[in-house]
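Here is the structure we will look at, set down as structure tokens.
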Amino acid sequence: MYLIYKPEGKDEQRWRYTPRRGLLSVEREDIERRTGKNYAEFTQAVLKGNSLCRRALLFVFLRRDHAKLRWEDVDFEWDELQLEYSKQEWEDMREQAMENLHGDELAAALASFDKFIAEAIDDDDPGHSGKARQLIAD
């Protein structure tokens, strides 16, 4: 999954976001303090569109490049920040649908997944095993 930040009039920034890997413990702890959620709750809230949680995630990624960045400096319009699944993540979800859905429900889901797969970015993660990845931390 990718966190994509496109502030108006500035270059797009893109970070690989893998909830179970890639954030240091100090970053996860800072997220928990700022959001009042444990990390598992935070990862779910990010996927559901919680604005405070998305701001905290953006803050973590921006602060990696700008160590003196303050929380108060991170402000964005809703359409400037988005999450995108990689092609492989959409393929994983498509496979899960094939195992769990049937009939018209399956046909509709597959058509939707195929559209997203065609538009998605290839995951450059060489460690992709073909197994479904968890999109939340537990």
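None of the values given here were measured: they were computed from a predicted structure.
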If you take all heavy atoms of [X] and [Y], which pair is closest and at what distance?
{"X": "Q88", "Y": "I121", "answer": "OE1-O, 4.3 Å"}
{"X": "S51", "Y": "F76", "answer": "O-CZ, 4.4 Å"}
{"X": "F61", "Y": "R16", "answer": "CZ-O, 3.8 Å"}

Run the side-chain donor-acceptor check on residues 106-120: report pairs under 3.5 Å with partners two or more places apart or on a different chain.
{"from": "D114", "atom 1": "OD1", "to": "R94", "atom 2": "NE", "distance (Å)": "2.6"}
{"from": "D114", "atom 1": "OD1", "to": "R94", "atom 2": "NH2", "distance (Å)": "3.4"}
{"from": "D114", "atom 1": "OD2", "to": "R94", "atom 2": "NH2", "distance (Å)": "3.4"}

same_hphob_cluster([X], [Y]) at 4.5 Å side-chain heavy-atom cutoff:
{"X": "M93", "Y": "L101", "answer": "no"}
{"X": "L69", "Y": "W15", "answer": "yes"}
{"X": "Y5", "Y": "W71", "answer": "yes"}

Within-4.5 Å side-chain heavy-atom neighbours: F42 and N50: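 In short, these two side chains do not touch, never coming nearer than 4.5 Å.
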Any T43 side-chain heavy atom under 4.5 Å of Y17 side chain: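 Yes - at least one pair of side-chain heavy atoms lies under 4.5 Å apart.
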Can you measure from [atom1] ([X]) to [atom2] ([Y]) and round to the nearest 0.5 angstrom?
{"X": "L58", "Y": "L81", "atom1": "CG", "atom2": "CG", "value": "5.5 Å"}
{"X": "E8", "Y": "D79", "atom1": "CD", "atom2": "CG", "value": "8.5 Å"}
{"X": "K48", "Y": "E41", "atom1": "NZ", "atom2": "CD", "value": "10.0 Å"}
{"X": "E12", "Y": "Q82", "atom1": "CD", "atom2": "CD", "value": "7.5 Å"}
{"X": "L83", "Y": "L3", "atom1": "CG", "atom2": "CG", "value": "5.5 Å"}

V26: hydrophobic cluster co-members (side-chain, 4.5 Å):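 Under the 4.5 Å side-chain rule, V26 groups with L24.
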D104, CG: over 12 other non-hydrogen atoms inside 6.0 angstrom: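 Atom CG in D104 is not crowded, with 12 or fewer foreign heavy atoms closer than 6.0 Å.
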Over 12 non-hydrogen atoms of neighbours within 6.0 angstrom of CD in E105: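 It does not: E105 CD has 12 such atoms or fewer within range.
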Once salt bridge (Lys or Arg N to Asp or Glu O under 4.0 Å) is applied, do any residues pair with [X], and if so which ones, sequence neighbours excluded?
{"X": "E84", "result": "R14"}
{"X": "R54", "result": "none"}
{"X": "E99", "result": "none"}

Sequence neighbours excluded - side-chain hydrogen bond (donor to acceptor under 3.5 Å, both in side chains) pairs with any residue from residues 60-70: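 Output for this query lists E27-R64, D30-R63, R70-D73.
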